[in-house]
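Shown next, in structure tokens, is the structure this report addresses.
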Amino acid sequence: MRLFTALRERRPSLAACLLALRSKAARGQIRMSSSLPVAAVCQMTATPDKEANFSACTRLVEQAKEGGASMVFLPEGFDYIGSNREETLALSETLDGDIITRYTHLARKLDVWLSLGGFHERGHDWKTDRRIYNSHIIINGQGEIVSVYRKGHLFDVELTSKGVSLKESAFTVPGPRLLPPVQTPIGKVGLGVCYDLRFPELSSALQRHGAEILTYPSAFTVATGVAHWEVLLRARAIETQCFVLAAAQVGAHHAKRTSYGHALAVDPWGVVIGDCGGSDVGVTLIQIDLQALQDVRRDMPVQQHRREKDFYCSLD
């Protein structure tokens, strides 16, 4: 991205060519030429129609695979976004239900890893309390579930002046713990979901345990997205010196809810290297250069400069 900016300033015609190539790559129309692994960050508009959502996601995954991606990231609520509490609960499934089974078959068929960013998973006490988890599932290229992180921070927010009113805890159980980063074809991926983005302790813990890539599949509201989405993602990348990949929902899901969009990819220096925009369904393809990540960490060894825990707790 820095190279592209410099070329744009000196040679507009060359910059235009690069922009066109990048745009085609983002749409999956060309294959990446480098030997670096490629990740695909997706943007979609889920509705209460689970079958239509699966068809839309399948097209995105196929497009990403055609573009050379070895791992594809889908957003929170990829399975559906319900119009009310009752519908949200009624449409939920278990991990061994139809929807996740179909995604395991898709991953195996295409030999691609999947990050399924926020699955409505029926809780362990479903029969007694009818509550769900917001679960981030990683499926490998053989169609096996290798990790399930359950969202730890629930979105209970009342922003009256901005028309935002959501209480996730009314039907969702908070996850009990973080999970170790997952070794994938693109690097070690640390898992979060949407509102987890606002808690830097989570990203720092994942980085300390080896994460090279952080991912926050989301369905950000328009009001909070305009104000905070990009700056939070860039901050998490800068402070952890990780790649940050954030698949997103975009547009109107039903009469009561609209999402901000702008599925983003950010490099370890904090530069936005992929953006799906604020209106359309699509895919952005990102090359993951782990050597560049190591260079950033070597040149600015933030983690080595971190003080002992007692220093940060000295005000307690």
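Side chains included, hydrogens not; waters and symmetry mates left out as well; all remaining heavy atoms used.
In this structure Gln241 satisfies the side chain to side chain donor-acceptor pair (under 3.5 Å) test with no other residue, sequence neighbours excluded. By the side chain to side chain contact (heavy atoms under 4.5 Å, CB included) test, Ser259 pairs with Ala219, Gln249, His253, sequence neighbours left out. Checked against ring pair (Phe, Tyr, Trp, His ring centres under 6.0 Å), His124 has the following partners two or more places apart in sequence or in another chain: Tyr133. By the side chain to side chain donor-acceptor pair (under 3.5 Å) test, Arg298 is found to be paired with Asp295, residues two or more places apart in sequence or in another chain being considered. Here Tyr80 pairs with His120 under the ring pair (Phe, Tyr, Trp, His ring centres under 6.0 Å) rule; sequence neighbours left out. With sequence neighbours excluded, no residue forms a side chain to side chain donor-acceptor pair (under 3.5 Å) with Arg234. Partners of Asp96 by side chain to side chain donor-acceptor pair (under 3.5 Å), not counting sequence neighbours, listed by chain and number: Thr94. Partners of Phe78 according to the ring pair (Phe, Tyr, Trp, His ring centres under 6.0 Å) rule, which considers only residues two or more places apart in sequence or in another chain, are Tyr103. Considering only residues two or more places apart in sequence or on other chains, Phe220 meets the ring pair (Phe, Tyr, Trp, His ring centres under 6.0 Å) condition with Trp229.
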Please tabulate, for side-chain N and O atoms in residues 185-194, each donor-acceptor pair with protein atoms closer than 3.5 Å (sequence neighbours left out).
none

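Counting heavy atoms from C-beta on, the side chains of Tyr260 and Thr221 never come closer than 4.5 Å. In this structure the side chain of Gln43 never reaches within 4.5 angstrom of the side chain of Pro75, judged on heavy atoms. At least one side-chain heavy atom of Met71 sits under 4.5 Å from a side-chain heavy atom of Ile138. For the pair Leu60 and Val281, the minimum side-chain heavy-atom distance is below 4.5 Å. Here the side chains of Cys276 and His262 are not in contact, with every heavy-atom distance at 4.5 Å or above. With a 4.5 Å cut-off on side-chain heavy atoms, Val38 and Ile286 do not count as touching. When side chains are defined from C-beta on, Ile137 counts as touching Ile145, because their heavy atoms get closer than 4.5 Å. Taking the side chain as every heavy atom from C-beta outward, Pro268 and Phe243 approach each other to under 4.5 Å.
Side chain of Glu87 to main chain of Ser83: a donor-acceptor pair is present (N/O by atom type, distance under 3.5 Å, no hydrogens or angles). Without hydrogens or angle criteria, Asp267 side chain to Gly270 main chain gives a donor-acceptor distance under 3.5 Å. In this structure a side-chain-to-backbone donor-acceptor pair under 3.5 Å is missing from Asn53 to Ala46. In terms of modelled atom types and a separation under 3.5 Å, the side chain of Ser147 and the main chain of Val182 share no donor-acceptor contact. Remark: the backbone N or O of Glu51 is paired with a side-chain donor or acceptor of Ser55 at under 3.5 angstrom. Of the possible donor and acceptor atoms, none in the side chain of Arg108 sits under 3.5 Å from a partner among the backbone N and O of Gly141. Distance alone, capped at 3.5 Å, places no donor-acceptor pair between the Lys65 side chain and the Val112 backbone. In this structure, Asn140 contributes its side chain and Trp113 its backbone to no donor-acceptor pair below 3.5 Å.
Cluster partners of Ile132 are Leu89, Trp126, Phe171, counting Ile, Leu, Val, Met, Phe, Trp and Tyr whose side-chain heavy atoms approach within less than 4.5 Å, directly or via other members. Hydrophobic cluster membership of Tyr312, counting Ile, Leu, Val, Met, Phe, Trp and Tyr whose side-chain heavy atoms lie under 4.5 Å apart directly or via other members: Phe311.
A salt bridge between Lys151 and Glu168 is present, with a side-chain N of the basic residue lying under 4.0 Å from a carboxylate O of the acidic one. With salt bridges taken as basic N to acidic carboxylate O contacts below 4.0 Å, none links Glu212 and Arg297. Between Arg122 and Glu93, no side-chain nitrogen of the basic residue sits less than 4.0 Å from a carboxylate oxygen of the acidic one, so the salt-bridge criterion is not met.
Residue Gln304 places its CD atom among 12 or fewer non-hydrogen atoms of other residues, nucleotides or ligands, all under 6.0 Å distant.
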Under the side-chain contact (heavy atoms from CB on, under 4.5 Å) criterion, do Arg102 and Leu106 qualify, and how do the steps go? CA-CA 6 Å; Arg102 293 169 77 177; Leu106 180 65; over 6 Å; no

Using the side-chain contact (heavy atoms from CB on, under 4.5 Å) rule, take Glu62 and Leu110 through it: C-alpha gap first, then chi angles, then the decisive distance, then the call. CA-CA 8 Å; Glu62 290 174 342; Leu110 298 178; 4.0 Å; yes

Take Leu36 and Ile288, measure what side-chain contact (heavy atoms from CB on, under 4.5 Å) needs, and give me the verdict at the end. CA-CA 6 Å; Leu36 295 173; Ile288 303 296; over 6 Å; no

Would Val244 and Ile213 satisfy side-chain contact (heavy atoms from CB on, under 4.5 Å), going step by step from the backbone distance to the final call? CA-CA 6 Å; Val244 174; Ile213 300 152; over 6 Å; no

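Under the 4.5 Å side-chain heavy-atom criterion for grouping Ile, Leu, Val, Met, Phe, Trp and Tyr, Ile100 is connected to Val148 within one hydrophobic cluster.
Looking at every heavy atom in both residues, Val72 comes nearest to Cys42 through CG1-SG, 3.5 Å. The shortest non-hydrogen separation linking Ala107 to Leu114 is CB-CD1, 3.9 Å. Between Gly152 and Asp196, the shortest heavy-atom distance links the atoms N-OD1, 3.7 Å. When every heavy atom of Leu285 is checked against every heavy atom of Ala69, the shortest pair comes out as CD2-CB, 4.2 Å. Annotation for Thr284 and Gly274: closest pair OG1-CA, 3.7 Å, computed over non-hydrogen atoms. Nearest heavy atom pair, residue Leu214 against residue Ala211, reads CD2-CB, 3.9 Å.
Inspection of the Ser169 and Asp156 side chains reveals an N or O donor paired with an N or O acceptor under 3.5 Å. Looking only at atom types and distance, the side chain of Arg198 has a donor-acceptor partner in the side chain of His228 under 3.5 Å away. Side-chain contact check for Tyr195 and Asn134: no donor-acceptor pair (N or O, by modelled atom type) lies under 3.5 Å. No hydrogens or angles considered: a donor-acceptor pair under 3.5 Å links the side chains of Glu121 and Ser135.
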